[in-house]
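A quick write-up on the structure given underneath.
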Protein chains: 2
Amino acid sequence: MHTYTEENYLKSIYHLLEQNEQASTNDIAASLKTRAASVTDMLKKLAEKKLINYARYQGVSLTPAGQKVALGIIRKHRLWEHFLVDKLKFKWDEVHDMAEELEHISSVELINRLEQFMDYPQFDPHGDPIPNSNGEIKAQLLQPALALTQHQTGVIAAVSDHSASFLQYLEKIQLTIGKEIKVTEITDYDLCLEVTTDNKVLNISREVAKNLLIAL
Amino acid sequence: MHTYTEENYLKSIYHLLEQNEQASTNDIAASLKTRAASVTDMLKKLAEKKLINYARYQGVSLTPAGQKVALGIIRKHRLWEHFLVDKLKFKWDEVHDMAEELEHISSVELINRLEQFMDYPQFDPHGDPIPNSNGEIKAQLLQPALALTQHQTGVIAAVSDHSASFLQYLEKIQLTIGKEIKVTEITDYDLCLEVTTDNKVLNISREVAKNLLIAL
DNA sequence: TAAAATTTTTAGACTAATCTAAAATTTACA
DNA sequence: TGTAAATTTTAGATTAGTCTAAAAATTTTA
């Protein structure tokens, strides 16, 4: 169908467009740990295949076909992550690299059976929504914990940094998906947040609060 | 670690040596659906990496390192096949191509967890033994059903043809792993076997009997 | 708005795996 | 045992994806 590399480019472009409203050659290169020249070559190839819209120097967007491929990969990635955590008992900070490989297993029937085996989960272990087999994905209404005002309460729904170190830190202080937190104070001096959860008081930095996403 | 292609060559060489006591360039090419010239190139590369013993025109054997890689791939292939059949409810004729992809997922921890999740199965859906995490594999004592004499009884333990058409045929006539069969007659004319199982009488060709393996 | 800085693309080369065609070697057998 | 057949290897190309270095285009800024 499409090569491993093409799939990674499409996924990367999808994620960049999700956040930035545009995906530059340099951004794509950075996210794939490759060089801008390599990206340009691949953009030409993907445009040739009608998976992206591309004009020299003008940036890229995904065509409906490209979007479909990207969402298929993201679906597989998130279902495999769910499997690894829910069935094989891996921790949420351990599964990313394995899912990066598993997402390229081609069989659609396999992923549909896996989804059924797990009873149609709606979210992956990091709180990201899982596209259905038609490539439809539920938009999430989320805000960073940083946006909460004093005395406001919210439920942790996802994280925007998937690095192992961040996830391990959250695990350690028990700020995990589904936990309800209340912002009990915002420090004047450094604007850190004091949050209360499970009757425990925790102090978290602005950086942490930025990457903790709260359901709206 | 090793490339996808290197892994396939090592696996193929392992399987050929299992059956033939030697793996020729042409045999490897046929089993990998490639050309002899390509095989020669790869043999040089694998010899360079000390995964095979190779001298021009003299055929190949696996080094201990090469054997370990091959058994690692076979272990993954068979555990994934077991997963697909036992957990995802695929039929035994549907899983080969998926397992061909899954066997290259690199994580050893993943495959060990998968093995644990399935309670340490000893055989894959086709009756082939699953190597343990040290790469040790139990030798099976098997003979083709063709070798059974009249009135002899045996239990189907494995199959030596993994093609979908053969497996579907066996499924249809219900000659599956674990079934006990008795050779009730050997036809004089065409040497077909009449076998009885579950109180039903079946007539099978010599070709089928050759590929049905009976536990000794 | 023109020079400077940045970004992107092009040109040309490299690697892994493949191929065809031809040459070298081994095996089979008359 | 020597020639024919079969097998295997070499030589030289090709493709996908990557790279560096240099050129081109865009954006920033003074």
Side-chain angles (χ1 to χ4, degrees), chain A residues 1-14 16-17 19-62 65-66 69-70 73 100-101 103-104 106, chain B residues 1-14 16-17 19-62 65-66 69-70 73 100-101 103-104 106:
Chain A
M1 185 64 169
H2 305 101
T3 68
Y4 193 102
T5 312
E6 285 170 357
E7 291 181 345
N8 279 341
Y9 272 87
L10 292 170
K11 180 181 58 153
S12 170
I13 293 166
Y14 180 93
L16 288 169
L17 291 173
Q19 300 171 334
N20 305 351
E21 213 52 52
Q22 68 166 318
S24 73
T25 300
N26 267 348
D27 290 344
I28 298 168
S31 97
L32 291 171
K33 295 195 170 64
T34 183
R35 299 303 183 142
S38 311
V39 173
T40 299
D41 287 347
M42 181 56 82
L43 294 184
K44 286 184 197 164
K45 191 179 156 196
L46 294 172
E48 193 82 25
K49 294 191 172 190
K50 313 271 193 210
L51 294 166
I52 62 172
N53 304 114
Y54 167 65
R56 279 154 66 255
Y57 295 104
Q58 306 305 300
V60 297
S61 62
L62 293 169
V69 174
I73 300 300
E100 287 285 299
E101 290 184 54
E103 72 189 10
H104 300 288
S106 61
Chain B
M1 184 64 169
H2 305 100
T3 68
Y4 193 103
T5 310
E6 286 170 357
E7 291 181 346
N8 279 340
Y9 272 86
L10 292 169
K11 180 181 58 152
S12 170
I13 293 166
Y14 180 93
L16 288 169
L17 291 174
Q19 300 171 331
N20 306 350
E21 213 52 54
Q22 67 167 317
S24 74
T25 301
N26 267 349
D27 290 344
I28 298 168
S31 98
L32 291 172
K33 296 193 169 65
T34 184
R35 300 299 182 146
S38 311
V39 174
T40 300
D41 287 347
M42 181 55 82
L43 295 184
K44 287 183 197 164
K45 191 178 154 195
L46 293 173
E48 193 81 25
K49 293 191 173 189
K50 312 270 192 213
L51 294 166
I52 61 172
N53 303 114
Y54 168 65
R56 277 154 68 258
Y57 296 102
Q58 305 305 300
V60 298
S61 62
L62 293 170
V69 174
I73 300 300
E100 287 286 298
E101 291 184 54
E103 72 189 9
H104 299 288
S106 61

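Every heavy atom of this structure was used, including side-chain atoms; hydrogens, water molecules and symmetry mates were not. So you know, we letter chains A, B, ... as the sequences are listed, proteins then strands, and number each from 1. The model shown is predicted, which means the values in this text are computed figures rather than measured ones.
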CD of B:Glu101 to CD of A:Glu101, rounded to nearest 0.5 Å, is 12.5 Å
Using a cutoff of under 3.5 Å, can you pull out all pairs of nitrogen or oxygen atoms linking the protein to nucleotides 14-16 of chain D, with atom names and distances?
none

For DNA chain D, the dot-bracket notation using Watson-Crick and G-U wobble pairs below 3.5 Å, [ ] for pseudoknot-type crossings and | for other-strand pairs, is ||||||||||||||||||||||||||||||
So CE of A:Met42 and OG1 of A:Thr40: to nearest 0.5 Å the spacing works out to 11.5 Å
List, with names and distances, any nitrogen or oxygen atoms from the protein found under 3.5 Å away from nitrogen or oxygen atoms belonging to nucleotides 2-4 of chain D.
none

Sorted by chain and number, sequence neighbours left out, ring pair (Phe, Tyr, Trp, His ring centres under 6.0 Å) with A:His104 holds for A:Tyr4
Check every strand shown and say whether A:Tyr4 touches a base, only sugar-phosphate, or nothing at a heavy-atom separation below 4.0 Å. nothing
Rounded to the nearest 0.5 angstrom, the CD1-CD1 distance for A:Ile52 and A:Ile13 is 5.0 Å
Residue set satisfying side-chain contact (heavy atoms from CB on, under 4.5 Å) with B:Lys50, at least two apart, ordered chain then number -> none
Quick test: give all pairs of protein nitrogen or oxygen and nucleotides 7-12 of chain D nitrogen or oxygen below 3.5 Å, distance rounded to 0.1 Å.
from, atom 1, to, atom 2, distance (Å)
D:dT8, OP2, B:Asn26, N, 2.9
D:dT8, OP2, B:Asn26, ND2, 3.4
D:dT9, OP1, B:Tyr54, OH, 2.5
D:dT9, OP1, B:Tyr57, N, 2.8
D:dT9, OP2, B:Thr25, OG1, 3.1
D:dT9, OP2, B:Thr40, OG1, 2.9
D:dT9, O4', B:Tyr57, OH, 3.4
D:dT9, O3', B:Arg56, NE, 3.4
D:dT10, OP1, B:Arg56, NE, 3.0
D:dT10, OP2, B:Lys44, NZ, 2.6

Atom CZ of A:Arg35 and atom P of D:dT20 are separated, to the nearest Å, by 4 Å
Closest non-hydrogen contact found for B:Asp27 with B:Gln22 is OD2-O, 4.3 Å
